[in-house]
Amino acid sequence: MTDIKVEEKWQKKWQEADLFESDPNDKKKIFITVAFPYPSGAMHVGHGRTYTVPDVYARFKRMQGYNVLFPMAWHVTGAPVLGIAKRIERQDPWTLDIYKNVHKVPEEELKKFVEPEYIVKYFSEEYHDVMTRMGYSIDWRREFKTIDPHYQKFVGWQFRKLKEKGLVRIGEHPVKYCPECGNPVGDHDLLEGEGVGINELTLVKFEIDGEYLVAATFRPETLFAATNLWLNPEADYIRVEVDGEHWIISREAYNNIKNQKKDTSILSDVDAPSMIGKYVKNPLTGEKHIILPASFVDPEYATGVVYSVPGHAPADYIALADLKKDVKTLEKYGIVKEVQAIQPIGMIHLKGFGEVPAQEMIEKFKVKNQNDPNLKEATNEIYKLEHAKGVMSNKTGKYEGLPVSDARDRVIVLLKEEKRGDVMYEFSERPVICRCGTKCVVKILDDQWFLKYSSEDWTEKTYKCLEGMNIVPGEVRANFQYYIGWLQDWACSRRIGLGTDLPWDKKWIIEPLSDSTIYMAYYTIAKYMKDIDPEDLNDAFFNTVLLGAEPTSDIKIDKETVEKIKDEFNYWYPLNWRLSAKDLVGNHLSFHMFHHAAIFPQNKWPRGIVVFGMGLLEGNKMSSSKGNIVMLEDAIKTYGSDVVRLFLMSSAEPWQDFDWREKEVRGISKRLNWFIEFADRVEEINGKVELKGHETAPEVSKPVNAWILSQLNMRMRDATKALEGFQTRKALQESLFLFKKDIDHYFHRIEGMDDEISRKEIGKVLVHILNVWIRLMSPFVPHAAEELWSTHGGEGFASEASWPQYDSDLIDEKVQKSEEIVQELANDINEIKNIIGVKPSKVHIYVAPEWKWKVFDIAKEVGKPDMGRIMGQAVKQNVHDNKKEIAGFAKKVTREITRVNYVGRIDEYSVIKESLDYLSKEAGAEVLVYDEPTYDPEGKSQNASPYKPAIYME
RNA sequence: GCGGGGGUGCCCGAGUCAGGUCAAAGGGGACAGGCUUAGGACCUGUUGACAUAGGUCUACCAGGGUUCGAACCCCUGCCCCCGCACCA
């Protein structure tokens with residue numbers, strides 16, 4: 001690892017030199033941003049990956065000569081910290097534990113966490129500190145928080161613009177709501193029921209004496225097969241007034257419904273048992289259905305009234321079966337005959353099932369009675385199957401032949417239009433309990449503001465924006481395509497949380513995902529804000545600066561400053577790259593495109609997106625709430641930030657999930673040490689190293705040196721190409737891991753080349769390699785790179801050195817093949833030794849004769865493994881006088897030409913002769929090479945073929 | 001359900017778009033050897049099976065197909081992961 005003190009030294013030097021403060025100049029620019037953090041906890045290694053990727057790219061591009069802007073800010077708007085502050089205030093033990101032990105907040109500081117603003121202040125400062133210690137090349141002059149008054153002016157402008165363009169509307173919206181606190185609640189405010197969704201149910205009004213028994217269902221299309229209604233005689237039912245009608249529902253249901261319907265009131269109690277046996281009218285078919293008792297009906301769920309479809313609902317089927325057997329109850333209500341007469345009705349054709357699928361499901365899941373837990377599974381299974389594959393039967397009138405899903409949608413529309421039905425909302429799971437201990441309900445807010453993402457024009461424009469963007473990795477483009485079309489109107493106002501007031505309706509706060517869609521533009525002007533009074537930031541100012549409008553007299557800031565700010569924005573915008581996590585594809589990243597498309601002209605639309613994968617810890621999902629995380633700060637202390645960076649960049653590509661494994665991190669640490677020590681080895685061989693002036697490769701005469709230079713340039717080429725596409729892992733595979741293998745081999749190979757000329761050439765080669773290699777590593781391990789660069793006489797900062805340019809002339813296939821031949825020879829000799837179990841004293845090598853090369857040339861030209869043509873050509877050209885030998889060899893070539901990467905003729909005799917010392921050492925025997933088989937007692941020379949010289953051992 | 005992505009050797013993971021240089025990179029682990037007082041670190045080798053001359057066989061979820069040739073292309077089946085909203 002790089003010593004922490006050394007890392008801090010360089011961080012300070014970079015800062016003193018203002019190295020990463022980027023202002024407009026005449027160079028080409030790159031503007032890269034990453035989703036800013038919500039600082040409600042400490043940074044873990046997962047965050048480390050998120051911010052290291054843009055840093056590596058920024059450093060890479062800076063070295064390539066671009067003017068790079070990489071800024072950072074803090075997203076502090078939203079509700080989570082409010083909940084945290086409340087829980088800290090209440091001394092909630094779980095919260096205190098997490099903040100003390102996982103986020104390592106000192107006791108003194110924790111006391112101040114009762115103030116939500118203090119929490120985000122505390123953690124944003126900690127983030128800033130840790131980011132600095134990770135060596136990130138951020139322009140900190142542009143740092144801000146999303147509750148800064150200047151920023152709020154910017155967001156206010158943004159929303160007025162959207163409203164002007166008709167992209168905002170007002171409407172209804174269901175939310176989780178705590179009746180006790182009188183507020184909508186987020187997941188973080190819940191004691192129980194985190195992540196529970198809100199489902200829309202259809203209400204069906206069954207008429208009885210001018211009133212309605214209102215049942216709730218997910219499957220209104222099954223009304224055709226309804227046989228009866230269920231009430232729970234144990235439950236409390238009441239008569240309520242809704243929109244002028246009288247509804248009969250359970251008392252608990254009313255507590256929910258009253259939050260969803262206007263002007264409701266309780267009229268009177270209803271005696272449920274007395275309802276049993278009466279008849280109601282089916283609003284769709286007009287049929288009469290009897291009301292029956294059922295214990296499985298939960299008065300707390302939906303309306304507490306259920307209509308029964310025993311043909312398709314397993315619960316109804318089994319409840320009916322139970323009831324038929326329960327003679328006592330039947331007699332009590334006097335409904336014996338009526339119930340016995342009820343038969344399940346089938347109304348949906350489903351492949352693989354008969355008339356009554358509910359019955360088959362019950363048998364399949366072995367459901368015993370209406371309280372059996374398997375009942376839920378059976379219900380789910382048939383729900384899914386019928387929804388996906390069911391077709392309406394001839395019992396459904398005009399719906400016959402329609403897929404179930406279509407029929408359902410039509411029935412819902414019909415019921416609503418004719419006021420024979422309605423909708424209500426219910427949690428997908430229960431219970432949902434607020435931190436205050438109260439059961440939450442679904443409430444409909446009726447003056448909620450929406451961003452109209454469903455607008456066709458807007459969507460079209462956004463598609464156009466997507467078209468012009470680079471998406472990394474490419475597969476995610478299909479995702480974007482889907483989400484942009486799928487997005488419905490988005491509720492963009494909130495009652496609680498930190499944030500910016502909705503400009504035209506101050507009782508609302510702008511929803512936190514909506515207030516951070518175009519903030520990248522704000523970075524370009526943020527550094528000017530400290531000298532400007534936020535009150536002077538009016539629409540006239542933003543219109544001129546960001547949209548290029550003619551300046552008007554409304555602008556309160558002096559002309560020159562406005563001009564300067566405007567130029568800066570125009571220099572940096574459009575944004576080149578936006579980086580964010582996978583799970584934000586469907587919201588933040590899509591909003592980002594929507595808002596840019598709406599507000600800015602096309603030439604300012606974003607140009608690229610990179611999507612991140614998630615982080616695992618020893619194979620398990622990282623989670624702060626479960627304490628299953630490694631703090632970035634701790635990782636830096638243990639390994640140094642260079643190691644952390646290197647691990648995060650090398651273990652997976654940015655869009656893949658990475659897995660923080662202690663053992664592998666240690667492996668990376670060793671690898672970095674090896675790299676640092678490599679510089680010492682170069683010095684040992686070469687003497688004092690002066691890197692300056694060794695940017696270009698030296699002239700070499702030895703084949704090994706040509707080989708290592710060829711490898712070096714190939715690695716440079718491949719690493720550069722990988723980095724251009726954000727493939728940090730690939731880039732490191734090439735530039736660190738594979739090239740280290742090359743160097744290992746090189747050292748192995750040059751061992752013993754001790755003569756003056758060899759040493760001198762090797763020294764020069766190594767110094768050049770060191771010069772290049774430090775620069776290749778600089779974006780990944782900037783501290784180690786600076787340290788090596790400065791101690792070995794590099795010029796200026798390694799962070800500012802130029803990115804190494806590969807020389808394609810030095811990448812030589814034949815040079816690489818030659819080395820391969822030598823290495824294969826050494827391997828083959830050892831393999832033969834192993835097989836025959838004999839230690840030879842002499843090894844004779846025979847290279848292939850001229851005519852065999854000719855056959856290879858012919859095979860290469862033919863291109864396909866076509867024995868006939870190769871043979872024919874060889875005979876025609878008369879390459880060899882022995883036709884039988886030609887035939888035998890042609891057969892072999894046909895088999896092998898595709899397996900050998902034939903790059904043309906190589907003077908194997910010279911190559912091998914040059915490597916005899918090495919081969920002898922490897923073989924542990926004297927090695928001799930022949931261009932003619934002058935000594936060949938066993939005729940082994942016949943085995944020789946191009947790239948595979950024959951071997952004879954004795 | 002809708003949408004997206006996958007199944008490769010003990011584990012992680014490259015390779016699949018552009019079929020042959022693939023018994024399949026790299027890392028981790030394991031084993032053996034060197035070094036060392038010892039451990040760690042470091043270096044070398046092995047890590048599908050068989051093999052007394054560099055070879056052969058079996059292999060990339062399963063089953064078919066296309067091709068001189070398939071981890072890679074096509075079809076079928078099985079299994080796994082992620083997102084689905086008002087939340088950062």
Side-chain angles (χ1 to χ4, degrees), chain A residues 35 37-38 40 75 77-81 173-176 184 186-188 195 197-198 383-385 387-389 405 448 450-451 473-483 485-494 497 511-514 516 581-588 613-614 616 619 650-653 656-659 661 663-664 666-668 670-671 673-674 677 729-730 732-734 736-738 740-741 744 747-748 817 820 824-825 827-838 864-867 894 896-903 938 940 943 947-948 950-953:
Chain A
Y38 182 77
S40 65
H75 191 214
T77 38
V81 285
H173 189 64
V175 295
K176 282 178 200 164
D187 272 350
H188 40 85
I198 293 174
Y383 178 91
K384 278 186 192 168
L385 275 174
H387 177 74
K389 296 173 184 162
S405 52
Q448 171 71 248
F450 290 86
L451 288 167
E475 299 85 67
V476 181
R477 183 177 294 273
N479 257 319
F480 277 113
Q481 231 128 24
Y482 173 77
Y483 279 118
W486 166 84
L487 273 167
Q488 300 295 306
D489 293 351
W490 182 269
C492 65
S493 53
R494 288 291 169 279
E511 181 271 329
L513 280 176
S514 306
S516 53
K582 221 186 238 174
D583 47 345
L584 297 183
V585 168
N587 47 53
H588 167 71
M614 304 283 160
L616 304 176
S650 68
S651 64
E653 300 293 4
Q656 297 173 321
D657 295 348
F658 76 92
D659 191 356
R661 291 181 184 229
K663 280 215 165 120
E664 306 211 1
R666 277 206 290 269
I668 290 290
K670 287 187 216 161
R671 190 51 45 93
N673 283 341
W674 182 96
E677 282 161 16
R729 176 185 150 89
K730 175 102 194 289
L732 279 170
Q733 283 289 328
E734 295 294 337
L736 183 58
F737 297 83
L738 294 176
K740 183 216 174 243
K741 285 235 144 196
D744 282 339
F747 276 133
H748 197 54
K817 198 74 198 176
E820 232 176 77
E824 276 305 302
L825 210 44
N827 292 347
D828 283 349
I829 291 167
N830 278 324
E831 202 183 326
I832 297 168
K833 271 163 67 182
N834 278 337
I835 295 167
I836 62 174
V838 173
K864 279 186 177 175
D866 184 338
M867 163 100 175
T894 308
E896 290 188 350
I897 189 69
T898 53
R899 277 206 272 149
V900 175
N901 181 20
Y902 187 67
V903 296
E938 287 188 22
K940 294 285 187 195
N943 294 337
Y947 296 176
K948 204 163 181 67
I951 300 166
Y952 170 58
M953 301 203 286

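Predicted model only: the values in this text are computed from it and were never measured. Throughout, a chain's letter reflects where its sequence line sits, starting with A, and its residues are numbered from 1. Just so it is clear, the values below take in all heavy atoms, side chains as well, and ignore hydrogens, waters and symmetry mates.
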When the P atoms of B:A49 and B:C43 are considered, how many whole Å apart are they? 26 Å
Does the protein touch nucleotides 66-73 of chain B at the base, only the backbone, or not at all? Give it as B, S and - per nucleotide, heavy atoms under 4.0 Å. --B-----
Is A:Trp490 close enough to B:C87 that one of its side-chain N or O atoms is under 4.0 Å from OP1 or OP2 there? no
Kindly assign one of parallel, tilted or perpendicular to the pair A:Trp486 and A:Tyr483, based on the angle between their ring planes and the thresholds 30° and 60°. perpendicular
Once you apply a heavy-atom cut-off of 4.0 Å, does A:Met867 come out as touching a base, just sugar-phosphate, or nothing? nothing
Show the distances under 3.5 angstrom between N or O atoms of the protein and N or O atoms of nucleotides 26-30 of chain B.
{"unit_1": "B:G26", "atom_1": "O2'", "unit_2": "A:Gln733", "atom_2": "OE1", "d": "3.4"}

So what does A:Asn943 touch, heavy atoms closer than 4.0 Å: a base, only the sugar-phosphate, or nothing? base
Tell me: NE2 of A:His588 to P of B:C87, nearest whole Å? 18 Å
Just call it for A:Asn587: base, sugar-phosphate, or nothing, with non-hydrogen atoms closer than 4.0 Å on any strand. base
Within the structure, does a side-chain N or O atom of A:Gln656 lie under 4.0 Å from either OP1 or OP2 of B:A14? yes
Under 3.5 Å, side chain of A:Asn943 to main-chain N/O of A:Ala950, donor-acceptor pair present? no
Contact class for A:Gly586 (heavy atom, under 4.0 Å): base, sugar-phosphate, or nothing? nothing
Return the value, rounded to whole Å, for the distance between atom CD of A:Gln448 and atom P of B:A85. 16 Å
Qualifying residues under ring-ring contact (aromatic ring centres under 6.0 Å, His included), relative to A:Tyr902, sequence neighbours excluded: A:Phe856, A:Tyr947
Is any side-chain heavy atom of A:Leu451 less than 4.5 Å from a side-chain heavy atom of A:Ser514? yes
A:Asp744 CG - B:C43 P separation (whole Å): 7 Å
Would you call A:Lys864 and A:Asp866 a salt bridge, using N to O less than 4.0 angstrom? no
Atom CD of A:Glu677 and atom C1' of B:A41 are separated, to the nearest Å, by 9 Å
